[in-house]
J.: 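One structure, pasted below without further comment.
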Amino acid sequence: MEAQYIIRHHRHHPREHQCSSAVVKHIKAPVDIVWSAVRRFDQPQKYKPFVSRCIVRDDFKIGSVREVNVKSGLPATTSTEMLELLDDQEHILGIKIVGGDHRLKNYSSVITVHPEIIDGMPGAMVIESFVVDVPEGNTQDETCYFVNAVINCNLKSLAVVSERMALQVFTCWKRAQNRRPM
Ligand code: A8S
């Protein structure tokens, strides 16, 4: 399944001076809850731990641009990112980095969210893939390692946020059930 999703949605065509990879994360929360966090192009700070602030100038549609500020301690301060693809049916979000003060040139990424059953409960498989130029002075391996590490952190945090939301929804539903007259 994983391989099929990757072939379908995550096929990048890296050139010689570029690198490309994909990260997979299994989350114990229903697809709709995970997607509700992922689709908020205007609020990446809701789950991305390195983002301190984000501003979207126009209202959010394909072609919208966000100005992201990242926390200190990283080799970057800002990033200007464009929404390239948003599919609420198939749960696909694509972004492209178009500027900013950092070393990731020509970065673009695709994130997809797929339903899956985990321990008999509705869960989600999230796949995020990217392509980026290898910065001067770095190797392909170093670049991939760095970006994979950032994405791993983002998806771990997405899991924590989504699983917490799922638990809240479930608790609320349970309470409503208990209140229902026999
Ligand atoms: C994302 C993915 C990445 C973000 C990277 C790879 C970045 O926000 C950070 C450090 C950098 O050096 C580059 O979807 C940049 O957020 C955390 C500022 C772009």
J.: Before giving the answer on side chain to side chain contact (heavy atoms under 4.5 Å, CB included), spell out for Val126 and Ile111 the whole-Å C-alpha distance, their side-chain angles and the decisive distance to 0.1 Å.
T.: CA-CA 7 Å; Val126 178; Ile111 180 164; 3.8 Å; yes

J.: For Leu104 and Val147, run side chain to side chain contact (heavy atoms under 4.5 Å, CB included): C-alpha distance rounded to whole Å, both residues' side-chain angles, the deciding distance at 0.1 Å, then the answer.
T.: CA-CA 9 Å; Leu104 299 182; Val147 177; 4.1 Å; yes

J.: Please tell me if the side chains of Arg8 and Gln4 come closer than 4.5 Å, counting only heavy atoms from C-beta onward.
T.: no

J.: Can you confirm whether Phe50 sits close enough to Val150 that some side-chain heavy atom of one is under 4.5 Å from a side-chain heavy atom of the other?
T.: yes

J.: Measure the shortest side-chain to side-chain distance between Thr139 and Thr143 over non-hydrogen atoms and say whether it is less than 4.5 angstrom.
T.: no

J.: Is it true that a side-chain atom of Asp87 and a backbone atom of Gln89 form a donor plus acceptor pair closer than 3.5 Å?
T.: yes

J.: Between CG of Asn148 and CG of Asp141, what distance do you get to the nearest 0.5 Å?
T.: 10.5 Å

J.: Is there side-chain contact between Ser36 and Met165, with at least one heavy-atom pair below 4.5 Å?
T.: yes

J.: Using only heavy-atom distances, determine whether the side chains of Thr77 and Asp101 contain a donor-acceptor pair under 3.5 Å.
T.: yes

J.: For His10 and Thr112, test the side chains for any donor-to-acceptor distance below 3.5 angstrom and give the result as yes or no.
T.: yes

J.: Stepwise, does the side chain to side chain contact (heavy atoms under 4.5 Å, CB included) test hold for Val160 with Tyr47?
T.: CA-CA 9 Å; Val160 171; Tyr47 77 90; over 6 Å; no

J.: Step by step, would you call Gln18 with Val134 a side chain to side chain contact (heavy atoms under 4.5 Å, CB included)?
T.: CA-CA 5 Å; Gln18 291 189 309; Val134 175; 5.6 Å; no

J.: If every non-hydrogen atom of Pro44 is compared with every non-hydrogen atom of Val51, which pair is closest and at what distance?
T.: CG-CG1, 4.3 Å

J.: Answer whether the closest heavy-atom distance between the side chains of Pro75 and His102 falls below 4.5 Å.
T.: no

J.: Can you tell me how far the CG atom of Asp133 sits from the CZ atom of Arg103, to the nearest 0.5 Å?
T.: 11.5 Å

J.: In a check of salt bridge (Lys or Arg N to Asp or Glu O under 4.0 Å) between Asp42 and each of Arg39, Arg40, Lys46, which one passes?
T.: Arg40

J.: In Å, rounded to the nearest 0.5 Å, how long is the span from CG of Leu85 to NZ of Lys96?
T.: 12.5 Å

J.: Quick one: sort the Tyr107 and Phe130 rings into parallel, tilted or perpendicular, breaks at 30° and 60°.
T.: parallel

J.: With a 6.0 Å cut-off (strictly less than), is the heavy-atom count around NZ of Lys156, excluding the residue itself, greater than 12?
T.: no

J.: With a 4.5 Å cut-off on side-chain heavy atoms, are Val132 and Lys105 touching?
T.: no

J.: Would you mind checking if Glu163 and Lys28 are paired as a salt bridge, meaning a charged N to carboxylate O distance below 4.0 Å?
T.: no

J.: Could you measure the distance from the CD1 atom of Ile151 to the CZ atom of Phe146? Nearest 0.5 Å is fine.
T.: 10.5 Å

J.: Ignoring hydrogens and angles, tell me if any N or O in the side chain of Ser64 forms a donor-acceptor pair with the backbone of Lys61 under 3.5 Å.
T.: yes

J.: Please check: side-chain N/O of Arg175 versus main-chain N/O of Phe170, any donor-acceptor pairing under 3.5 Å?
T.: no

J.: Let's go through Glu67 and Arg53 carefully: what are the C-alpha distance in whole Å and the side-chain angles of both, what is the deciding distance for salt bridge (charged side-chain N to carboxylate O under 4.0 Å, His left out) to 0.1 Å, and is it a yes or a no?
T.: CA-CA 8 Å; Glu67 283 302 334; Arg53 202 166 83 116; over 6 Å; no

J.: Taking the side chain as every heavy atom from C-beta outward, state whether Val131 and His13 have any atom pair closer than 4.5 Å.
T.: no

J.: Is the side chain of Ser157 donor-acceptor paired with the backbone N or O of Pro49 at a distance under 3.5 Å, no angle test?
T.: no

J.: Check the angle between the aromatic planes of His114 and Tyr5 and answer parallel, tilted or perpendicular using the 30° and 60° thresholds.
T.: parallel

J.: Tell me which one of Leu93, Val31, Ile27 satisfies side-chain contact (heavy atoms from CB on, under 4.5 Å) with Val113.
T.: Val31

J.: Taking C-beta and beyond as the side chain, do Arg66 and Thr80 meet within less than 4.5 Å on heavy atoms?
T.: no

J.: Have Ser20 and His12 got a donor and an acceptor in their side chains that come within less than 3.5 Å?
T.: no

